[in-house]
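Being a predicted model, the structure only gives us computed values, none of them experimental. Numbers here are sequence positions counted from 1. When a ligand or atom number is given, it counts from 1 through the structure's own listing order.
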Amino acid sequence: MPDRLFLKGGRVVDPASDTDAVSNVLVEVGRIAAIGEDAPAGVSVLDCDGLIVAPGFVDLHAHLRQPGREDKETVETGSRAAASGGYTAIAAMANTDPVADHVGVIEEVRALAAQAGLCDVFPVGAITKGLEGESLAEIGELAAAGVRLFSDDGRPVPTARQLRMALQYAQAFDVVIAEHCEDASLAEGAQMHEGYSSATFGLAGSPGEAEEIVVARDLALTQLTGGRLHLCHLSSAASVDLVRRAKAAGVRVTAEVTPHHLTFVDEDLSTYDTNLKVNPPLRSVDDREALRAGLADGTIDAIATDHAPHAVEEKEAEFDQSPPGTIGLETSLAAVLTQLVQPGRISMSRAIEALSSEPARILGLSEHGGPVAPGSAANLTVFDPTATWVVEAPFASRSRNSAFLGTTLTGRVVHTLLRGELTVADGKPTR
Ligand SMILES: [Zn+2]
């Protein structure tokens with residue numbers, strides 16, 4: 001691997017430095033050495049004509065399944081999927097087996113990620129022990145071990161009292177509580193969003209209120225405690241309104257949305273495609289429009305994948321037996337370009353901000369998310385914004401339950417650089 005690389009003539013789009021201009025980028029021993037200068041003699045040149053050079057993407061929400069379900073994904077295969085999608089950093093959710101509620105699992109995931117060397121992996125700590133919603137995990141100990149994000153994702157913190165305590169800890173240790181907002185009693189048995197489509201398809205539904213009730217509770221407690229709250233995978237229009245008002249009132253909250261909620265709606269389940277069975281469920285056209293508008297105006301800060309690999313036999317089961325979730329790391333950029341940037345709903349710069357600089361800020365990462373400037377770590381993504389492709393297996397992920405299977409998307413990652421080393425070159429993982 002050369003320790004100097006010259007990215008020639010790409011369009012550098014870097015929200016962190018408010019840059020959008022064709023320029024050369026020189027990378028030397030893991031760092032950006034120069035912008036806009038000519039190639040030094042003897043350097044390896046990557047021709048970036050027609051391509052976009054951006055800060056590497058950062059995912060706040062990926063399920064890597066290791067330890068426990070290595071048949072679905074491992075830290076290594078998940079890292080490879082991430083690099084293939086242009087990511088240089090991802091947060092790995094805590095709902096593994098065993099649960100990441102103690103430092104041992106955190107250290108194990110970090111060691112596996114370092115060994116793979118394809119993407120920086122930041123393990124998320126559990127909020128409650130075993131994700132059981134009874135007693136709080138050792139948040140202080142995990143924070144001291146460098147954990148920044150805490151979540152019981154898959155389920156919410158069940159009681160207001162526990163969440164209040166978790167937010168108080170979050171404030172004391174300067175960490176972030178990330179919530180999966182879902183009222184269990186309203187969502188029980190649900191297969192999809194409750195509405196005209198669920199009635200037509202004969203599937204049990206869960207209303208948007210299942211999310212909104214918990215969002216409202218969490219925002220109230222964040223205001224009370226002064227803690228830091230992050231809302232995972234928002235899916236309903238009323239949730240977006242609640243967050244907009246809370247932000248205006250100064251509540252310390254951030255929010256994410258997934259590419260699949262920005263793309264699909266409940267009606268798309270007419271095919272009973274289990275890859276479109278996700279949690280929270282795909283909701284109405286109005287909800288999707290509100291999510292797109294919330295992303296455009298900054299109410300929703302970041303795009304996160306909720307990458308959720310599942311075994312083939314699980315997704316081939318009957319619809320009501322199939323587990324919810326779609327993989328997402330390898331299609332997120334293309335989904336966002338196709339659904340939002342191409343139709344002019346958001347700018348290229350806003351898309352990159354939501355995929356990179358904003359999630360890096362939420363995770364507190366100084367080495368990711370830009371700026372693309374001399375001295376910064378060379379964590380970069382180079383992509384073709386016009387390349388069109390059909391999503392199909394095989395994936396770099398060990399699983400293939402993609403909601404986007406068979407769809408045509410525009411935008412493809414060409415190179416990914418992790419501290420100056422190519423983890424993906426010419427569209428292929430380098431190891
Ligand atoms: Zn979740």
For the Zn ion (ligand 1), check which protein N, O or S atoms are under 2.8 Å away and list them.
D153 OD1, H180 ND1, H233 NE2
Side chain to side chain donor-acceptor pair (under 3.5 Å) against R345, all qualifying residues, sequence neighbours excluded:
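Side chain to side chain donor-acceptor pair (under 3.5 Å) check on R345 returns nothing, list empty.
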Please work out whether the ring planes of F57 and Y87 are parallel, tilted or perpendicular, with thresholds of 30° and 60°.
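Ring orientation of F57 relative to Y87: perpendicular.
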According to the interplanar angle, ranging from 0 to 90°, do the rings of F264 and F404 count as parallel (below 30°), tilted (30 to 60°) or perpendicular (above 60°)?
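Ring orientation, 0 to 90° scale: tilted.
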Testing H61, E73, E330 for side chain to side chain donor-acceptor pair (under 3.5 Å) with H307, which one passes?
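Result: among H61, E73, E330, E73 is the only option passing the side chain to side chain donor-acceptor pair (under 3.5 Å) with H307.
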Heavy-atom distance under 4.5 Å between the side chains of T88 and T416, does that happen here?
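Yes - at least one pair of side-chain heavy atoms lies under 4.5 Å apart.
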Note, E209 side chain near D183 side chain (heavy atom, < 4.5 Å):
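The answer is no; the side chains never approach within 4.5 Å.
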